[in-house]
Colleague: 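Input: one structure, supplied below.
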Amino acid sequence: MTMADQLDRAVTDPVGLITDLVAGVEKELGVETIQAVVTAVAGGRAKSRSLAKALAIRPAVLTDGRSPAPRAIGDLLIELRKAGASAVAPPVCAECGKKL
């Protein structure tokens, strides 16, 4: 899937795109669990689209936890870790580099 395709999907199916991107990295959690976490964190249409777009542009944030990233990505990483994710990185402080 090209970047343009992912950006289009970020508008048409943001929860599905986020779920697929996370599932591509995280093998410990089932797709249903990932989708439940994404749905809980993604909120409304605008927030879910923004989150999907940010992940489509920089999917490496799932494994490095580093900024630049919207706060919603940090929230997603935290909730995925709480749900048992091990391949997904915890968010990292932009100022000091400490894992949150």
Side-chain angles (χ1 to χ4, degrees):
M1 182 176 282
T2 67
M3 173 70 74
D5 292 337
Q6 285 188 339
L7 291 175
D8 287 343
R9 189 167 174 213
V11 173
T12 61
D13 182 22
V15 172
L17 175 60
I18 297 165
T19 301
D20 289 348
L21 290 171
V22 172
V25 170
E26 183 56 56
K27 306 302 181 194
E28 295 294 316
L29 297 178
V31 174
E32 300 82 17
T33 303
I34 294 169
Q35 188 169 20
V37 171
V38 169
T39 302
V41 171
R45 186 180 346 210
K47 184 176 178 183
S48 64
R49 286 177 175 174
S50 173
L51 181 58
K53 181 180 175 185
L55 285 174
I57 291 170
R58 192 166 148 353
V61 74
L62 292 170
T63 55
D64 67 19
R66 298 200 174 275
S67 288
R71 178 175 172 88
I73 289 183
D75 294 341
L76 176 65
L77 297 177
I78 289 168
E79 293 305 316
L80 286 166
R81 302 277 298 182
K82 285 181 183 177
S86 61
V88 170
V92 176
C93 177
E95 293 180 19
C96 69
K98 179 182 176 185
K99 293 182 180 183
L100 304 175

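On a predicted model such as this, the values are computed, not experimentally measured, just so you know.
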Colleague: First locate atom CG of L29, then atom CD of Q35, and finally report the distance between them rounded to the nearest 0.5 Å.
Modeller: 13.0 Å
Colleague: Quick one: side chains of residues 9-27, donor-acceptor pairs under 3.5 Å with protein atoms, not counting sequence neighbours, listed by atom name and distance.
Modeller:
{"residue": "R9", "atom": "NE", "partner": "D13", "partner atom": "OD2", "Å": "3.4"}
{"residue": "R9", "atom": "NH1", "partner": "D20", "partner atom": "OD2", "Å": "2.8"}
{"residue": "R9", "atom": "NH2", "partner": "D13", "partner atom": "OD2", "Å": "3.3"}
{"residue": "R9", "atom": "NH2", "partner": "G16", "partner atom": "O", "Å": "3.2"}
{"residue": "R9", "atom": "NH2", "partner": "D20", "partner atom": "OD2", "Å": "2.7"}
{"residue": "T12", "atom": "OG1", "partner": "D8", "partner atom": "O", "Å": "3.4"}
{"residue": "D13", "atom": "OD1", "partner": "G16", "partner atom": "N", "Å": "3.1"}
{"residue": "T19", "atom": "OG1", "partner": "V15", "partner atom": "O", "Å": "2.7"}
{"residue": "E26", "atom": "OE1", "partner": "S86", "partner atom": "N", "Å": "3.0"}
{"residue": "E26", "atom": "OE1", "partner": "A87", "partner atom": "N", "Å": "2.7"}
{"residue": "E26", "atom": "OE1", "partner": "V88", "partner atom": "N", "Å": "3.1"}
{"residue": "E26", "atom": "OE2", "partner": "E28", "partner atom": "N", "Å": "3.0"}
{"residue": "E26", "atom": "OE2", "partner": "S86", "partner atom": "N", "Å": "3.3"}
{"residue": "K27", "atom": "NZ", "partner": "A23", "partner atom": "O", "Å": "3.4"}
{"residue": "K27", "atom": "NZ", "partner": "G24", "partner atom": "O", "Å": "3.3"}

Colleague: Any side-chain heavy-atom pair from L55 and I73 closer than 4.5 angstrom?
Modeller: yes
Colleague: Would a single hydrophobic cluster contain both V61 and V92, if residues Ile, Leu, Val, Met, Phe, Trp and Tyr are joined by side-chain heavy-atom contacts under 4.5 Å?
Modeller: no
Colleague: Can you name the closest pair of heavy atoms from R66 and R58 and give their distance?
Modeller: O-NH2, 3.2 Å
Colleague: Which atoms form the tightest heavy-atom contact between L77 and P90, and what is the distance?
Modeller: CD1-C, 4.4 Å
Colleague: When you compare the side chain of P91 with that of I78, does any pair of heavy atoms fall below 4.5 Å?
Modeller: yes
Colleague: Assess whether atom NZ of K47 is packed by more than 12 heavy atoms of other residues, nucleotides or ligands within 6.0 Å.
Modeller: yes
Colleague: Is a side-chain N or O of T63 found less than 3.5 angstrom from the main chain of A60, in a donor-acceptor match?
Modeller: yes
Colleague: State whether the number of non-hydrogen atoms from other residues, nucleotides or ligands found under 6.0 Å of R49 atom CZ is greater than 12.
Modeller: yes
